[in-house]
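Treat the numbers as computed from the prediction; the structure is a model and nothing was measured.
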Amino acid sequence: MANEPVAAKESFHIPLELRTIIKSLRMRLWVLIVIALLSAVTGVAAALLLGDRQYEATTVLYYAPIESYVSDTFRIYQSVGSGTELTYDQGTGLMENLNTTDLIDYVNMVKIVTNLEELRRRLSLESTLEELGSSISVDTAWDSNLMFISSRADRPKDAALKANTIRDIFLENSNRMIDQDIESKIADITLQYETTAADLEKAQQAFAAFTRTHGIREIETEAAQYTTEMLALESTLARTKSLIETAQEKVDKIKQEIAIQQELQEKAKSEQSSQIVSDNLTAEEVANRIQLLQQQIEVMQTAKTDPVEERRLKNAMVVAENGYVRGIVTRSEFEQAKYEYERFLAQKSSDAELEAVQKQLEKLLSSRITSTTESRTENTYELNLQTRLLESELQRIEANAEYQSSLARYEELKGKYVDLPLLTQEYTRLSGSMASLEAAAQGLNKVLKQYNLIKDQPHSDFSVVSEAISPLYPLESNRRLIAIAVTMLCFLLGFTVLLVFIALDMRIKSAGDARQKLQVPILQALSFIRKKTQLIPSTEAESAHIESYRILCRPLREAHPNPGATFLVTSTTQGEGKSTVASNIATVFGRQDERVLLIDAQIRKSQQPTPFAAFLIDEDPMVGDGLGEYLSYKVFDHQQIISPTTLSGVDVIVRRGEAVIPDLLQSARMRELMDNLKQQYSVIIMEGPPVQDCVDSDILASYADSILFVTACDTLKPDVIQRAIRRMQHTKAHFEGIILTKVRQPYLD
């Protein structure tokens, strides 16, 4: 037999099998659930007792500067010559004063030390200023005039009360600053108004003195009249001057013609010839021809040699054009002057035409006229010239008189018009200054009245949009964290206790656990089944573990192929299933054409009946003799104690009657019995008493070839099992290993 050294077994240390521990935890899942529930309850209780919540309440303010109450601001518009105008821009004060910089300054003013001290005094708080400041936050919405004042506290009502109180304290201080600012502005505006009123009085006096000195009532109207009359006089002077020059030239021309005519008459008288050398023309025809040619020459010379008329028409056109540009002369008058000048230019004759007509006149004049008709013609022409001379003299005199009258009026107006720009400039300056001061005084007076109205009314830069109310839900709370932490801690503590309990529970749990703790071979691991009837073989149903026993028996028989192979089935203590193992092994061997004898070798007194009674053919299993009767010589033939069973190929020797002393197991009768049985049966299976209770199994091992040690899970500690195994290992029988029974399903490999 292969026995391990004693020293090695004594120094063996029982290790822990991790897989078994994990499976043990899974087996106790309900315990973990209970631990988790208890931990959760403990965590909730701890959170309610130890935790606190932070509630946040917010009040909202709208920033509308006090200038917005002064709904009007005035502006003064002034242009030269058009006076001064005072206009009001509605709401300009509000638009000009809305800027984020002012609002940011107010945000920084909410949590100043004086406000926090007043808050602590009003609410009788025991917190420090630093704690109060950290519990209050002030913020603004982007691109808006909304201010949010938030407060945190352990209770909802405290959070709302703190937010509303710090808001009221801030508004009181802000309104106090506004009162001071309004007083300052009223003083400034009053000073500005008084200064402006004094300046206005001086400006009015200066303007009155100016109008009295220069006799000006409305300078714009008078200046327009002066300008219109002077333009008309300029046109009249140009026209009359042109008429004077034209009349003078006509007078000179007529005088020249008269002189020429007189000279011709004198020449005609001195000539003797009275015949007319002409192309068969009579004297009257010649006189008429001469008169026509003289008129034609006069017209042509006047059109050609009359620069005065040309200049007059040109000046008239220029004057009309200037008047048209200034808006004094209509377009039709300008077009008429232009047409007369262009027509005069078109009537001017060339020099060749004038010379041709003059030659014709000289030819006729060279003819001798002796008739009386010629003389009459000459006298008539001279008379016409004298008449024309008189008319021209009259025209010149009338035009000169008109020119002198217009010139005198023009010089008078010109003297006044020279100083008119300076007077107009000074008039505009004085009137504009007076109007600006009047507008400024009017605007300052209106703004001052509005500020005085604001002073006597409730006012503030801020309006309350919403009050802070008690929040329904906390902003943040450490109760959840405490609950989770305590729950996890309790669960870990419970899990640790359970794990320690499992680790300290050294009882065998699984095949791996037994292999590590006992350091012996594990022949088979059989699962736990509650109904014992499913474990004992019968003719009605197979054993639940029959296949496992088949696997177990095959290597056993191969290891002990000799006839009469004897196997001792024992255990450390009662109730580990050795009877079930023995009966199932016998069943398997019996089905393999083996002659099997199953011996109940527990001959000591016991209250429990033999477990093999169910296999007997006899209906009354208590009738007959057993091993004890045979060893005590109550039965002489061993065939009398052998009983057939319902199992194929299996006989049994059961325990019957009174118990006998165990010393008989070492007797010669026992040895003789075993020798006879080994010759009669191919396999003998003995069930010995528990090793821990007695020494019977040690004695029975001397008759066995192999020892099958049955160990039930969760029954004994490893050291107890090891001591029993160690006793079996010191016998002469071969210790095959352990058959592990009652293994819970999760522990099965």
Side-chain angles (χ1 to χ4, degrees), residues 64-99 102 175-229 413 415-461:
I66 189 64
E67 284 80 2
S68 63
Y69 287 98
V70 184
S71 58
D72 305 341
T73 59
F74 62 89
R75 295 182 182 178
I76 300 173
Y77 297 94
Q78 183 176 4
S79 60
V80 177
S82 62
T84 301
E85 180 182 0
L86 175 67
T87 62
Y88 287 88
D89 298 331
Q90 297 292 329
T92 303
L94 176 60
M95 292 186 293
E96 291 180 351
N97 287 276
L98 290 182
N99 57 76
D102 294 342
N175 295 342
R176 189 179 304 111
M177 293 174 58
I178 292 173
D179 292 337
Q180 297 173 357
D181 186 50
I182 291 176
E183 292 289 345
S184 176
K185 287 184 178 180
I186 290 176
D188 292 341
I189 295 174
T190 302
L191 180 60
Q192 293 179 24
Y193 177 75
E194 293 175 354
T195 303
T196 303
D199 294 340
L200 176 60
E201 185 178 358
K202 293 180 182 179
Q204 289 174 345
Q205 293 174 359
F207 182 76
F210 174 80
T211 55
R212 285 195 303 270
T213 301
H214 298 282
I216 297 174
R217 294 185 301 274
E218 184 62 42
I219 196 166
E220 292 183 357
T221 304
E222 295 177 3
Q225 292 176 355
Y226 289 163
T227 302
T228 303
E229 188 174 357
L413 294 177
K416 293 184 178 180
Y417 194 77
V418 169
D419 297 332
L420 187 60
L422 296 177
L423 294 176
T424 302
Q425 183 177 1
E426 183 66 15
Y427 181 89
T428 302
R429 184 185 69 80
L430 292 175
S431 61
S433 176
M434 184 175 63
S436 298
L437 291 173
E438 287 177 352
Q442 181 183 356
L444 289 172
N445 186 33
K446 184 174 182 179
V447 174
L448 184 61
K449 290 180 179 178
Q450 291 176 344
Y451 269 110
N452 286 324
L453 290 176
I454 293 173
K455 178 183 176 182
D456 300 332
Q457 296 175 356
H459 49 263
S460 176
D461 274 347

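Contact detail for Ala203 and Leu437: the closest heavy-atom pair is CB-CD1, 3.9 Å. Across all their heavy atoms, Thr196 and Leu444 have their closest contact at OG1-CD1, 3.6 Å. When all heavy atoms of Ile186 and Asn452 are compared, the pair lying nearest together is CD1-OD1, 3.6 Å. When all heavy atoms of Asn445 and Tyr193 are compared, the closest pair comes out as CB-CE1, 3.6 Å.
If you take NZ on Lys446 and CG on Leu448, they are separated by 13.0 Å, rounding to the nearest 0.5 Å. Note that CD of Gln204 is 4.0 Å distant from CG of Leu200, once rounded to the nearest 0.5 Å.
Ser433 contributes no side-chain N or O that, together with a main-chain N or O of Arg429, makes up a donor-acceptor pair within less than 3.5 Å.
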